[in-house]
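Being a predicted model, the structure only gives us computed values, none of them experimental.
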Amino acid sequence: EGGAVVTVSGDGERLRSDAVAVCTGAWFDRLAAEHGVRARVRAGRGYSFTVPTDEPVPGPVYLPEARVACTPYQGALRVAGTMEFRGPDDALDPRRVEAIERSASPYLRGVRWQERTDAWVGPRPVTSDGVPLVGATRTPGVFVAGGHGMWGLTHGPVTGDLLAEQIATGVRPGALEALDPLR
């Protein structure tokens, strides 16, 4: 509106700004598509849970054959694995948790699997080509940053710096060329 980008909150509050960045994780498509971003972002959902151990685990453990990662967590072990493609808000599937346990249990001793707690599933924003979508959209003043998959927390700071540079200068940094959201 009048050279400004207007966002509207869920309760109808309007906010005018020079630019906005859509960074909504696995819910990215809902807002980015209307601004010309055709590449889809899907929810690649990862599961994890916590189990007590008889002895402290000194550091992270990766079980490549089982495709399971284990991390010491609050005196117990956080066990994570699997990737499924479903809606970001779909309920946790207990069969996925059980499958992780079945695949990891032959490799670990002293884990009290029957005392499992805190089962969780989280949606990771994944593009079909594995390359994030970062930069300007077809709508002036609307930018996006999404599709980082499991690397969002790791790549978030550099993505934010590069996108801020593009927004402030109007020039896309070379590092963002391959991440063009309109590709």
Side-chain angles (χ1 to χ4, degrees), residues 5-10 19-50 60 62-71 73 78-104 116 118-167 172-183:
V5 179
V6 178
T7 58
V8 181
S9 72
V20 297
V22 176
C23 311
T24 56
W27 297 268
F28 184 87
D29 287 357
R30 295 178 188 171
L31 294 175
E34 67 186 85
H35 301 288
V37 179
R38 292 188 317 262
R40 297 233 15 225
V41 172
R42 300 202 46 211
R45 294 161 32 108
Y47 284 74
S48 64
F49 55 87
T50 302
Y62 179 62
L63 307 170
E65 284 189 24
R67 294 190 174 118
V68 171
C70 305
T71 308
Y73 176 71
R78 193 76 186 164
V79 181
T82 202
M83 173 79 81
E84 71 175 359
F85 291 98
R86 291 178 54 205
D89 298 314
D90 288 353
L92 177 143
D93 183 346
R95 296 171 301 175
R96 293 283 185 171
V97 173
E98 293 160 7
I100 295 169
E101 181 180 319
R102 276 193 312 276
S103 65
R116 176 178 69 221
D118 302 322
W120 177 83
V121 61
R124 301 172 185 124
V126 179
T127 60
S128 61
D129 62 4
V131 179
L133 303 164
V134 183
T137 69
R138 287 205 174 105
T139 305
V142 177
F143 298 81
V144 297
H148 289 79
M150 293 175 273
W151 296 100
L153 289 176
T154 304
H155 293 166
V158 71
T159 296
D161 284 348
L162 291 167
L163 189 57
E165 179 182 333
Q166 182 175 1
I167 292 168
R172 178 173 43 199
L176 294 182
E177 290 290 329
L179 310 183
D180 184 353
L182 301 178
R183 64 180 184 268

Check your understanding: side-chain contact (heavy atoms from CB on, under 4.5 Å) with Val158: which residues, sequence neighbours excluded?
Key -> Leu162

Point to revise | Residues that Asp161 engages under salt bridge (charged side-chain N to carboxylate O under 4.0 Å, His left out), provided they are two or more places apart | key: none

Check your understanding: Under the side-chain hydrogen bond (donor to acceptor under 3.5 Å, both in side chains) test, which residues partner Thr137, sequence neighbours left out?
Key -> none

Study note, to complete from the structure: Sequence neighbours excluded, the answer for ring-ring contact (aromatic ring centres under 6.0 Å, His included) partners of Trp151 is His155

Point to revise | All side-chain contact (heavy atoms from CB on, under 4.5 Å) counterparts of Leu92, not counting sequence neighbours | key: Tyr47, Pro94, Val97, Ala119, Val121

Review point. Do Arg78 and Asp118 have side chains that get closer than 4.5 Å, going by heavy atoms?
Key: yes

**Study point:** Partners passing side-chain contact (heavy atoms from CB on, under 4.5 Å) against Ala43 (at least two apart in sequence or in another chain)
**Key:** Ala26, Arg45, Pro88, Pro123

Check your understanding: Does any N or O in the side chain of Arg183 come within less than 3.5 Å of the main-chain N or O of Asp180, such that one atom is a donor and the other an acceptor?
Key -> yes

Check your understanding: Who pairs with Glu65 by salt bridge (charged side-chain N to carboxylate O under 4.0 Å, His left out), at least two apart in sequence or on another chain?
Key -> none

Practice item. Please identify each residue that fulfils side-chain contact (heavy atoms from CB on, under 4.5 Å) with Pro140, with sequence neighbours left out. Key: none

Check your understanding: How far apart are the closest heavy atoms of Pro181 and Val37, and which atoms are they?
Key -> O-CG1, 3.5 Å

Practice item. Please assess His148 against Val134 for the test side-chain contact (heavy atoms from CB on, under 4.5 Å), listing each intermediate value before the final yes or no. Key: CA-CA 10 Å; His148 289 79; Val134 183; 4.0 Å; yes

Practice item. Report the residues that fulfil side-chain hydrogen bond (donor to acceptor under 3.5 Å, both in side chains) with Arg38, sequence neighbours left out, ordered by chain and then residue number. Key: none

Exercise for review: Drop me the distance from Cys23's SG to Leu31's CG, to the nearest 0.5 angstrom.
Suggested key: 10.5 Å

Practice item. Would you check if Val68 and Ser103 make a side-chain contact, meaning some heavy-atom pair closer than 4.5 Å? Key: yes

Review point. Looking at residues at least two apart in the chain, or sitting in another chain, which of them share a side-chain hydrogen bond (donor to acceptor under 3.5 Å, both in side chains) with Ser9?
Key: Asp11

Exercise for review: Taking the side chain as every heavy atom from C-beta outward, state whether Leu182 and Arg138 have any atom pair closer than 4.5 Å.
Suggested key: yes

Point to revise | Set of residues satisfying salt bridge (charged side-chain N to carboxylate O under 4.0 Å, His left out) with respect to Asp90, sequence neighbours excluded | key: Arg86

Check your understanding: Can you name the residues that form a side-chain hydrogen bond (donor to acceptor under 3.5 Å, both in side chains) with Arg40, not counting sequence neighbours?
Key -> Asp29

**Study point:** Atom pair CG/CZ of Leu163 and Phe143 - distance to nearest 0.5 Å
**Key:** 7.0 Å

Practice item. Step by step, work out the side-chain contact (heavy atoms from CB on, under 4.5 Å) result for Arg124 and Met83. Key: CA-CA 9 Å; Arg124 301 172 185 124; Met83 173 79 81; 3.9 Å; yes

